[in-house]
Amino acid sequence: MAGPSSLSLPLRIAFLPVGLLLRLLALLPFPALYVLSDGIAFLARDIVRYRRRVVAANIDSCFPDLGAAERRRMARRFYRHLADYFVETVKFPFMSRRVLMRRMRFENTEIIDSTLESGRDIVIYTSHFGNWEWITSMGLWCETSSTARFSHVYRPLRQPWFDRWFLRLRSRYNTSIPMKEVFRRLLTWRRDDVRWICGFLSDQKPSHSGRVFTVPFMGRDTPFIGGTEELASKLDAVIMYFDTRVEGRGRYVSAIRVLSDHPRSEYPGDITKRYAASLEEQIRRTPEAYLWSHNRWRLPKKSKKK
């Protein structure tokens with residue numbers, strides 16, 4: 001993980017007020033944070049108008065059967081949840097384990113423990129749903145967290161200060177692996193006979209150079225990152241999924257279930273298709289908890305239809 005020396009002194013000084021402000025915000029209790037969140041939601045939606053066209057276009061195309069008024073209400077609820085995600089993420093580094101485990105719960109973690117104890121490694125599909133930063137605390141619920149490597153893949157941010165801030169935050173309870181290094185790192189752990197579990201945010205827009213599967217999602221043919229399935233197949237890792245429910249503001253439950261025991265035996269794209277179907281079911285339960293401000297449906301130049 002990048003240390004303080006990776007940032008230039010002028011940049012560290014320039015962002016010092018930002019760091020202090022985030023620390024002060026994190027000291028607020030949750031009720032006060034959610035009052036602040038309501039204000040942030042209003043500013044983002046009605047003053048800054050943050051990606052309003054993208055949000056409206058995504059919701060309109062995915063929920064054509066809803067009336068215009070209901071789609072507008074859904075968009076308003078999305079901005080409230082996005083603001084909640086922001087304040088919850090600021091709070092995350094300063095939450096005690098007890099508080100975090102009360103607010104971010106996991107079900108069926110015995111599946112993870114039994115799989116790792118049997119000598120198999122695990123790839124987990126996650127998504128931009130609920131609070132995807134809190135998901136990295138999953139190891140707190142597993143008995144094998146002291147013997148196995150709990151990790152996730154991250155894409156470095158362009159802005160160095162925020163890249164360092166998020167990297168520290170996401171590495172609090174597990175190992176952050178840069179996307180370009182993930183296969184080599186997982187292979188090294190396996191050669192060293194170290195069991196691992198690695199999470200992938202696989203609903204991001206695929207890059208032009210990576211493997212892509214185009215599958216049905218929210219009523220549209222949608223390109224999905226194919227590298228997650230491809231990597232799991234090469235390593236023959238068990239593939240699991242976090243099925244997350246929102247039980248209130250700052251209260252999430254993720255049920256862990258298996259998508260594929262032996263990905264090498266699957267037809268290419270089938271696992272990605274099941275992931276997309278699982279994510280769609282999750283979104284339709286609580287649509288405002290998905291990241292509608294992301295332009296998911298901007299097609300890359302090359303895509304492989306399934």
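Counting from 1, the numbers follow the sequence of the chain as shown.
Between Phe166 and Thr89 there is a side-chain heavy-atom pair separated by less than 4.5 Å. At a threshold of 4.5 Å between non-hydrogen side-chain atoms, the residues Leu167 and Leu169 do not count as touching. Between Pro206 and Arg211, every side-chain heavy-atom pair lies at or beyond the 4.5 Å cut-off. Ser61 places a side-chain heavy atom less than 4.5 Å from the side chain of Arg220. Contact of the Val258 side chain with the Ile239 side chain is not registered, since no non-hydrogen atoms from C-beta on lie closer than 4.5 Å. Between Asp236 and Pro263 there is a side-chain heavy-atom pair separated by less than 4.5 Å.
Look at Glu229 and Arg274 and you find no salt bridge, because none of the NZ, NE, NH1 or NH2 atoms lies under 4.0 Å from a carboxylate O. Asp84 has no carboxylate O lying under 4.0 Å from a charged side-chain N of Arg77, or vice versa, which leaves the two without a salt bridge.
For residues 190-199, the set of pairs meeting the salt bridge (Lys or Arg N to Asp or Glu O under 4.0 Å) definition, not counting sequence neighbours, comprises Asp121-Arg190, Asp121-Arg195, Asp193-Arg195. Sorted by first and then second residue, the pairs that involve residues 30-46 and meet salt bridge (Lys or Arg N to Asp or Glu O under 4.0 Å), not counting sequence neighbours, are Asp38-Arg80, Asp38-Arg249, Asp46-Arg52.
Considering Asn174, Thr126, Thr175 in turn, Asn174 is the only one that fulfils the side chain to side chain donor-acceptor pair (under 3.5 Å) rule with His152.
Scanning both residues, Met218 and Glu280, for their nearest heavy atoms gives N-OE1, 2.7 Å. The shortest heavy-atom contact between Pro156 and Asp163 is CA-OD1, 3.3 Å. Summarising the geometry of Ile256 relative to Met138, their closest heavy-atom pair is CD1-CG, 4.4 Å, with the distance given to 0.1 Å.
Heavy atoms from other residues, nucleotides or ligands lying under 6.0 Å from CZ of Arg23 number 12 at most.
Note that Arg76 lies outside the cation-pi zone of Phe42, set by a 6.0 Å cut-off to the ring centre and a 45° limit from the axis.
Its side chain outside the 4.5 Å cluster rule for every partner, Val54 clusters with none of the Ile, Leu, Val, Met, Phe, Trp and Tyr residues.
In this structure, the ring pair (Phe, Tyr, Trp, His ring centres under 6.0 Å) partners of Phe162, at least two apart in sequence or on a different chain, are Phe15. Residues forming a side chain to side chain contact (heavy atoms under 4.5 Å, CB included) with Asp113 (at least two apart in sequence, or on another chain): Glu117, Cys142, Glu143, Thr144. In terms of the side chain to side chain contact (heavy atoms under 4.5 Å, CB included) criterion, residue partners of Ala289 (sequence neighbours excluded) are, by chain and number, His81, Phe129, Val246, Thr286. For Asn131, the side chain to side chain donor-acceptor pair (under 3.5 Å) partners two or more places apart in sequence, or in a different chain, are Glu88. A search for side chain to side chain contact (heavy atoms under 4.5 Å, CB included) contacts involving Ala26 returns Val90, Phe94, not counting sequence neighbours. For Asp261, there are no salt bridge (Lys or Arg N to Asp or Glu O under 4.0 Å) partners at least two apart in sequence or on another chain. Residues forming a side chain to side chain contact (heavy atoms under 4.5 Å, CB included) with Arg103 (at least two apart in sequence, or on another chain): Phe30, Tyr34, Met95, Val99, Trp134, Arg251. Every residue two or more places apart in sequence or in another chain that forms a salt bridge (Lys or Arg N to Asp or Glu O under 4.0 Å) with Glu107 is listed here: Arg245. Remark: Arg73 pairs with Glu70 by the salt bridge (Lys or Arg N to Asp or Glu O under 4.0 Å) rule, at least two apart or across chains.
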* Would you please test Ser176 and Arg168 for side chain to side chain donor-acceptor pair (under 3.5 Å) and show each step? => CA-CA 9 Å; Ser176 297; Arg168 283 186 166 183; over 6 Å; no
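Taking the ring centroids of Phe106 and Phe242, they lie under the 6.0 Å cut-off. The aromatic ring centres of Trp132 and Tyr85 sit less than 6.0 Å apart. The aromatic ring centroids of Phe224 and Tyr275 lie less than 6.0 Å from each other.
For Tyr290 and Asp203, the side-chain atoms include at least one donor-acceptor pair closer than 3.5 Å. With 3.5 Å as the limit, one finds a donor-acceptor pair spanning the side chains of Glu266 and Ser260.
Following chains of ILVMFWY side-chain contacts shorter than 4.5 Å, one can reach Ile177 starting from Leu235, so the two form part of one hydrophobic cluster.
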